[in-house]
Amino acid sequence: AEDNFWTWRKAMYHVAHTLSPESIRAASRQVFLEMMLSGITAVGEFHYVHHQPGGEPYADPSILALAVVEAARDVGIRIVLLRTVYLRGDFDKEPAEHQKRFCDESVSEAMQRIEDLRATIDALADPRVTMGVACHSVRAMAKEDIVSLKTTHSDLPFHIHVSEQRREVESCQKAYGAGPVAMLAQAGVLDGMVTLVH
């Protein structure tokens with residue numbers, strides 16, 4: 001079989017669908033340990049698995065993010081937990097069934113969950129644990145929602161996938177008349193707190 005971005009994504013969705021809070025903590029701990037043993041001392045965790053496999057929220061909406069944070073604390077690696085917002089399946093599509101685990105209902109709901117998580121992380125008073133926000137991608141959030149997320153949390157590091165693969169760039173050009181980086185620049189999102197992933 002030919003491997004490409006789409007076959008990788010399908011396999012990743014399959015694995016993500018099986019994870020529990022306990023297995024996310026165990027897998028994260030193993031990855032962070034391997035990073036530490038390789039000399040890496042800090043990780044930016046682009047975290048977007050938020051809900052139960054069918055999309056139902058957990059009683060504690062931050063349980064999966066905190067499992068990752070606790071894994072980092074177990075190992076002793078510094079972590080910036082990038083609480084990622086994912087609202088739609090693609091530029092013009094609702095989330096597919098396998099994406100519902102990642103998606104918030106709205107940008108306002110996501111921002112409330114970000115504030116709740118931020119308060120919990122601040123209460124840890126652990127200098128090795130900090131927080132940022134992320135927009136999954138230009139395909140997973142509308143431009144106005146990206147701008148709202150960025151301006152509301154302008155004091156935090158902000159990450160976003162851009163130009164991950166050609167189809168995303170072409171779809172962005174069709175939707176906004178510009179590629180992802182140009183669209184974000186025109187929207188005023190790019191500044192010294194932004195990291196463009198891919």
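One is the number of the first residue; the rest follow in order along the sequence.
- Residues D116 and Q112 meet the side-chain proximity criterion, which asks for heavy atoms closer than 4.5 Å.
- Closest of all the heavy-atom pairs between T18 and H14 is CG2-O, 3.4 Å.
- In this structure, the side chains of H153 and M111 come closer than 4.5 Å at one or more pairs of heavy atoms.
- E97 pairs by the side-chain hydrogen bond (donor to acceptor under 3.5 Å, both in side chains) definition with K100, not counting sequence neighbours.
- By the side-chain hydrogen bond (donor to acceptor under 3.5 Å, both in side chains) test, E105 is found to be paired with no residue, residues two or more places apart in sequence or in another chain being considered.
- A salt bridge links D155 with R118: the distance from a Lys NZ or Arg NE/NH1/NH2 to an Asp or Glu carboxylate oxygen falls below 4.0 Å.
- Residues forming a salt bridge (charged side-chain N to carboxylate O under 4.0 Å, His left out) with E170 (at least two apart in sequence, or on another chain): none.
- Listed by first and then second residue, the ring-ring contact (aromatic ring centres under 6.0 Å, His included) pairs involving residues 69-90 are Y48-Y86, Y86-F102, Y86-H136 (not counting sequence neighbours).
- Screening residues 105-128 for ring-ring contact (aromatic ring centres under 6.0 Å, His included) gives no qualifying pairs among residues at least two apart or on separate chains.
- Remark: E109 pairs with R113 by the salt bridge (charged side-chain N to carboxylate O under 4.0 Å, His left out) rule, at least two apart or across chains.
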With a 3.5 Å cut-off and sequence neighbours excluded, list the donor-acceptor pairs that the side chains of residues 171-182 form with protein atoms.
| from | atom 1 | to | atom 2 | distance (Å) |
| --- | --- | --- | --- | --- |
| S171 | OG | R167 | O | 3.0 |
| Y176 | OH | K143 | N | 3.1 |

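- Legend: residues meeting ring pair (Phe, Tyr, Trp, His ring centres under 6.0 Å) with H198, ordered by chain and number and at least two apart, are H161.
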Please tabulate, one pair per line, all N/O donor-acceptor pairs under 3.5 Å involving side-chain atoms of residues 183-193, not counting sequence neighbours.
| from | atom 1 | to | atom 2 | distance (Å) |
| --- | --- | --- | --- | --- |
| D191 | OD1 | K150 | NZ | 3.3 |
| D191 | OD1 | M193 | N | 2.8 |
| D191 | OD2 | K150 | NZ | 2.9 |

Show which side-chain atoms of residues 54-63 pair as donor or acceptor with protein atoms under 3.5 Å away, not counting sequence neighbours.
| from | atom 1 | to | atom 2 | distance (Å) |
| --- | --- | --- | --- | --- |
| Y58 | OH | R101 | NH2 | 3.0 |
| D60 | OD1 | S62 | N | 2.9 |

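- By the salt bridge (charged side-chain N to carboxylate O under 4.0 Å, His left out) test, D126 pairs with R73, R128, sequence neighbours left out.
- Side-chain atoms of T151 and S154 include no donor-acceptor pair closer than 3.5 Å.
- Pairing each heavy atom of V138 with each of F91, the nearest pair is O-CE2, 3.5 Å.
- Residues that satisfy the salt bridge (charged side-chain N to carboxylate O under 4.0 Å, His left out) test with D74, not counting sequence neighbours, are R25, R29.
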